[in-house]
Amino acid sequence: MKNVTALALLSGLFALPAIAAQDAPFQHEAGLEYSANTEEFGDGIWDLNYRYYIKPVSQDNGPYALNGFLAQTTNIGAGYSMFDDADTDTIRIDGTYVFDSKWFVGAEYNRFEIGDFSGNLYQFDAGYYFNDSSKVAAFYVDGSDDFESFYGAEIRSFLAFEATTGIDLGAMWTHTDNDDIFNLNADWYVTKAWSVGLGYVDDGSDNDFAAKTAYWLRMSDAFSATFEVSKVLDSDVDGFGASIGIVGRF
């Protein structure tokens, strides 16, 4: 049944007619996404999300996938994810307040259930937008009594190009009780809709490279379909990571 549901969503999105959509500003964004490994595509994760921006967000500013990040404005969001294969459900609420000075503070709450076990996660972050397309931030995560807290820092910057749309660069350091984790990411946006990228993670005991490509298909003024395929390189992981979703902006 899960395979049928996922494939029905996939077929339905492909069947939608693509038109010359108008890139109007938006303040509400809602999405539904399904992601899984292609080896077991029916055992994936459903994610339902919503976000409200206090000021209108321009879709003319950079790639479609980065409009929210580049807006640099106060926002609140909520979401629900379900992973049947692991009997896991998660509810989340988050918000970020951006000051006129471009400093910002944020918080996120997650309530999760894994079988008969349930718990809470809390994240707090603060940072600064040091130009129109870049930020630096620090974060702290804690949770239920048996959860080991961790903290870290990140930097992210989008560099616009003349011939293509630009490149989104990111780096993150996370300190845990066991080790330090380093993440690097680069997504080159060939167009506003299509990107190809590379990611790298080193957790102290192992490291992995991943390649990915994503596409944002405008279906109408208000709705778009999103697609992403990724592959962990030089790894024992079989198959590809794949996700498909629909996003509404209004």
Is the [X] to [Y] ring centre distance short of 6.0 Å?
X	Y	answer
Tyr122	Phe124	no
Phe158	Phe69	no
Tyr215	Trp194	no

Whether the side chain of [X] engages the backbone of [Y] through a donor-acceptor N/O pair (distance < 3.5 Å, no angle test) should be reported.
X	Y	answer
Thr176	Asn178	yes
Asp84	Asp87	no
Arg218	Gln22	yes
Thr88	Ala86	yes
Thr38	Phe240	yes
Glu154	Asn183	no
Gln27	Tyr53	yes
Ser195	Thr213	no
Asn207	Asp203	no
Ser230	Ala211	no

For the residue pair [X] and [Y], establish whether any side-chain heavy-atom pair is separated by less than 4.5 Å.
X	Y	result
Tyr64	Leu66	no
Tyr128	Lys102	yes
Asp94	Ile76	no
Phe161	Ile167	yes
Met172	Phe139	yes
Thr90	Tyr80	no
Leu169	Leu159	yes
Ser157	Ile155	no

- Message: Is there a side-chain contact (heavy atoms from CB on, under 4.5 Å) between Lys212 and Asn185? Walk through the geometry before answering.
- Response: CA-CA 11 Å; Lys212 55 185 174 178; Asn185 186 77; 2.8 Å; yes

Pairwise distance [atom1]([X]) to [atom2]([Y]) - rounded to 0.5 angstrom:
X	Y	atom1	atom2	answer
Ile45	Ser81	CD1	OG	7.0 Å
Asp179	Ser205	CG	OG	7.0 Å
Ser134	Gln72	OG	CD	8.0 Å
Leu184	Tyr200	CG	OH	7.5 Å

- Show your working on side chain to side chain donor-acceptor pair (under 3.5 Å) between Tyr52 and Asn75 and close with a plain yes or no. CA-CA 6 Å; Tyr52 170 74; Asn75 64 87; over 6 Å; no

- Note on the structure: In terms of heavy-atom contacts, Asn37 and Gly239 come closest through OD1-CA, 3.8 Å

- Item | Heavy-atom pair of closest approach, residues Asn67 and Gly62 | ND2-O, 3.7 Å

Which label fits [X] and [Y]: parallel for a plane angle under 30°, tilted from 30 to 60°, or perpendicular past 60°?
X	Y	result
Tyr34	Trp46	tilted
Phe112	Phe117	tilted
Tyr151	His175	tilted
Phe150	Phe147	tilted

Among the clusters formed by ILVMFWY side chains lying less than 4.5 Å apart, do [X] and [Y] turn up in the same one?
X	Y	result
Tyr109	Val105	no
Leu217	Val247	no
Ile54	Trp103	no
Phe209	Val201	no

Just by distance, no angles: are the side chains of [X] and [Y] close enough, under 3.5 Å, to form a donor-acceptor pair?
X	Y	answer
Glu108	Asn110	yes
Ser243	Ser35	no
Trp216	Ser224	yes

- Identify whether NZ of Lys or CZ of Arg in Arg249 sits under 6.0 Å from the centre of the six-membered ring of Phe223 and within 45° of that ring's axis. no

- What's the verdict on side chain to side chain donor-acceptor pair (under 3.5 Å) for Asp142 and Tyr140, showing C-alpha distance, side-chain angles and the deciding distance? CA-CA 7 Å; Asp142 204 350; Tyr140 174 78; 3.2 Å; yes

- Message: Run the side-chain contact (heavy atoms from CB on, under 4.5 Å) test on Phe104 and Tyr97 for me, step by step, so that the C-alpha distance in whole Å, both residues' side-chain angles and the decisive distance to 0.1 Å come before the verdict.
- Response: CA-CA 6 Å; Phe104 65 86; Tyr97 184 82; over 6 Å; no

- Message: Tell me whether Arg92 is salt-bridged to Asp47, with the criterion being a basic N under 4.0 Å from an acidic carboxylate O.
- Response: yes

- Query: Does a sphere of radius 6.0 Å around CG in Asp132 hold more than 12 heavy atoms from other residues, nucleotides or ligands, not counting ones at 6.0 Å or beyond?
  - Reply: no

- For Lys55, does the NZ atom sit with more than 12 other heavy atoms under 6.0 Å from it, leaving out its own atoms? no

- Task: Given salt bridge (charged side-chain N to carboxylate O under 4.0 Å, His left out), test Lys192 with Asp60 step by step and report yes or no.
- Result: CA-CA 9 Å; Lys192 286 171 62 70; Asp60 294 326; 5.3 Å; no

- Would you mind listing every salt bridge (charged side-chain N to carboxylate O under 4.0 Å, His left out) that reaches into residues 109-125, with sequence neighbours excluded? none

